[in-house]
Amino acid sequence: MADTHHEKLVIIGGGPAGYTAALYAARADLNPLVLEGPQPGGQLTMTTEVDNFPGFPAGIQGPELMELMKRQAERFGTRCLFEVVTGVDLRQRPFSVTTGGDPYTADCLIVATGASARWLGLESETRYRGFGVSACATCDAFFFRDKEVYVVGGGDTAAEESLFLTKFASRVTLVHRRDQLRASKILADRVQANDKITCLWDSTIVEILGAGDPPHVTGVRVKNVKSGAITERPADGIFMAIGHQPNTAFLNGQLALNPAGFITTAPHSTATSVPGVFACGDVMDPVYKQAITAAGTGCQAALDAEHFLVEAAQ
Ligand code: NAP
């Protein structure tokens, strides 16, 4: 049988939130263990240039930024393991953590498992991801100066990303499967009032067209869901804004979540519904979803965990 390892602090998730939590926790002498999950480095490892993380005036590649964050945490003694957490038992302390490898117990847990962008599920979408297909306009809009782009979705993110893209793109077409946006009125009004944005109602993208080596997007095939008519349109970039799925399945309902599935935390705190379990980054943040804000809440979670462990020991 596999050995159970006891830890003071286990951080689940190796993205900006998890590594920053580890950096602060290691410097507070908590000897943290990071179980990095299926995609060490998180969503940033899927982007190329990151120009909006402070401290890198010339920009930095997403994977390199994550490697630097990891190394900084390791410099103070953080241990990082490429382990996927498959379950936890939060009914009593120490908490139990099940992985694909050895099991762990922990006096305190930080959940930093992030969120995954939702995709349409098209084979062509996967083929051109990072080559004109993106799920983050804030990250990638800059590469579409004077280009023609499409945004898929009808919520606040689709509206905000469309508006943001108008700063760069020559034309933005918002494709939505209904005949009106579900975005808040203020954002929807701004979209309608923007001359650079055209809304394509009752429509879905059924294929992304591309060519070349390196590959690049050349167009989209769009289906009108009411008439069934399919048209082809030229496009340079496609931005998916159909929501994010917080990565909480392994919690098996043991932490309170909000209606959209993000972990609920106490106001001005990273404390979850279970004392001794803290959450940071995109798994608890449905609004900002940036690497820098994830890192910020990672710092908060480590400070909250430190206070919790000090009080628990008294
Ligand atoms: P969302 O509100 O869940 O909207 C997702 C949109 O994508 C919906 O319009 C949905 O269509 C569409 N969609 C989902 N799956 C699809 C598919 N397979 N094919 C085509 N379309 C699909 O997600 P969100 O816009 O990312 O917002 C998430 C949360 O963050 C919301 O609570 C939002 O208010 C908040 N947020 C707030 C702000 C802000 O206040 N500034 C900014 C961004 C996000 P249907 O409408 O048909 O369901």
Side-chain angles (χ1 to χ4, degrees), residues 17 42-43 46-47 52 113-126 128-129 133-141 149-167 172-194 197-208 217 220-231 233 235 237-248 256-265 279-294 296-297:
Q43 291 186 73
M46 288 174 65
T47 63
N52 56 7
T113 44
S116 305
R118 286 207 179 94
W119 299 90
L120 292 174
L122 305 172
E123 188 274 324
S124 51
E125 170 189 58
T126 312
Y128 295 109
R129 203 179 291 176
V133 175
S134 167
C136 179
T138 313
C139 320
D140 296 330
V149 300
Y150 280 67
V151 175
V152 184
D156 283 328
T157 303
E160 257 191 356
E161 302 226 322
S162 297
L163 290 163
F164 185 69
L165 278 158
T166 60
K167 294 177 200 279
V172 178
T173 305
L174 192 157
V175 185
H176 186 33
R177 61 186 178 184
R178 295 181 196 273
D179 61 4
Q180 59 180 21
L181 299 176
R182 73 152 67 192
S184 56
K185 183 163 174 0
I186 187 164
L187 283 174
D189 286 349
R190 272 194 230 153
V191 165
Q192 307 277 16
N194 193 306
I197 304 176
T198 306
C199 292
L200 206 53
W201 302 120
D202 300 318
S203 298
T204 55
I205 289 182
V206 289
E207 189 162 3
I208 292 159
V217 168
V220 281
R221 199 166 280 149
V222 178
K223 180 178 178 180
N224 183 299
V225 293
K226 287 196 170 146
S227 68
I230 291 182
T231 49
R233 295 157 168 267
I238 322 294
F239 287 84
M240 298 303 161
I242 59 173
H244 277 76
Q245 182 68 48
N247 299 319
T248 57
L257 308 178
N258 75 12
F262 293 82
I263 296 175
T264 308
T265 51
C280 53
D282 286 6
V283 75
M284 49 72 83
D285 168 19
V287 178
Y288 302 102
K289 302 180 244 176
Q290 300 301 302
I292 186 66
T293 49
T297 54

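Predicted model, so just to flag it, every value in this text is computed and none were measured. Each ligand, and each atom within it, is numbered from 1 in the order the structure gives. Index from 1, following the sequence.
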remark   = for atom 36 (N) of ligand 1, nearest protein heavy atom and its distance come out as D156 CB, 3.7 Å
request  = Please write down residue, atom name and distance for the protein heavy atom closest to atom 6 (C) of ligand 1.
outcome  = G154 N, 3.7 Å
query = Is R118 in polar range of ligand 1, meaning some N or O pair under 3.5 Å apart?
reply = no
query = Starting from atom 7 (O) of ligand 1, which protein heavy atom do you reach first, and at what distance in Å?
reply = I242 CA, 3.3 Å
task = Compare H176, R178, E160 and give the one whose heavy atom is closest to atom 39 (C) of ligand 1.
result = E160
key: Minimum-distance protein heavy atom relative to atom 43 (C) of ligand 1   = T157 OG1, 3.4 Å
request  = Report yes if T204 has an N/O atom closer than 3.5 Å to an N/O atom of ligand 1; otherwise report no.
outcome  = no
Heavy-atom protein contact below 4.0 Å for atom 48 (O) of ligand 1 = yes
query = For atom 4 (O) of ligand 1, which protein heavy atom lies nearest, and how many Å away is it?
reply = G155 CA, 3.8 Å
message = Between E125 and G121 (side chain of the first, backbone of the second, donor and acceptor by atom type, cut-off under 3.5 Å), is there such a pair?
response = yes
ask   = Any N or O on V152 sitting closer than 3.5 Å to an N or O of ligand 1?
value = no
key: Within-cut-off N or O pair, P286 and ligand 1, under 3.5 Å   = yes
request  = Please name the pair of heavy atoms, one in A158 and one in L174, separated by the smallest distance, quoted to 0.1 Å.
outcome  = O-CD1, 4.0 Å
D140 and F239, any side-chain heavy atoms less than 4.5 Å apart = yes
query = Considering the options I230, T231, I205, I208, which one meets the side chain to side chain contact (heavy atoms under 4.5 Å, CB included) requirement together with R221?
reply = I230
ask   = Is there a donor-acceptor contact under 3.5 Å from the side chain of N258 to the main chain of G261?
value = yes
remark   = d(L163 CG, R190 CZ) to nearest 0.5 Å is 6.5 Å
inquiry  = Polar contacts were defined as any N/O atom of the residue lying under 3.5 Å from an N/O atom of the ligand; does this apply to H244 and ligand 1?
reply    = no
Top protein contact for atom 18 (N) of ligand 1, by heavy-atom distance = R177 NH1, 3.9 Å
ask   = Between T297 (side chain) and C280 (backbone), is there a donor-acceptor pair under 3.5 Å?
value = no
ask   = Is at least one protein non-hydrogen atom found at under 4.0 angstrom from atom 33 (C) of ligand 1?
value = yes
key: Selection from K289, R182, E161, M240 by shortest heavy-atom distance to atom 1 (P) of ligand 1   = R182
ask   = Under 4.0 Å from ligand 1, counting heavy atoms only, is it the side chain of V287, its backbone, both or neither?
value = neither
request  = Answer yes or no: is there a donor N or O on one side and an acceptor on the other, between the side chain of N247 and the main chain of T113, under 3.5 Å?
outcome  = yes
inquiry  = Return the closest protein heavy atom for atom 23 (O) of ligand 1 as residue, atom name and distance.
reply    = G243 CA, 3.8 Å
ask   = Nearest protein heavy atom to atom 19 (N) of ligand 1, by residue and atom, and its distance?
value = L120 CD2, 3.5 Å
Residue K289 excluded, over 12 heavy atoms near NZ under 6.0 Å = yes
ask   = Hey, does V220 have a side-chain heavy atom less than 4.5 Å from the side chain of T173?
value = no
task = Answer whether the closest heavy-atom distance between the side chains of T157 and H244 falls below 4.5 Å.
result = no
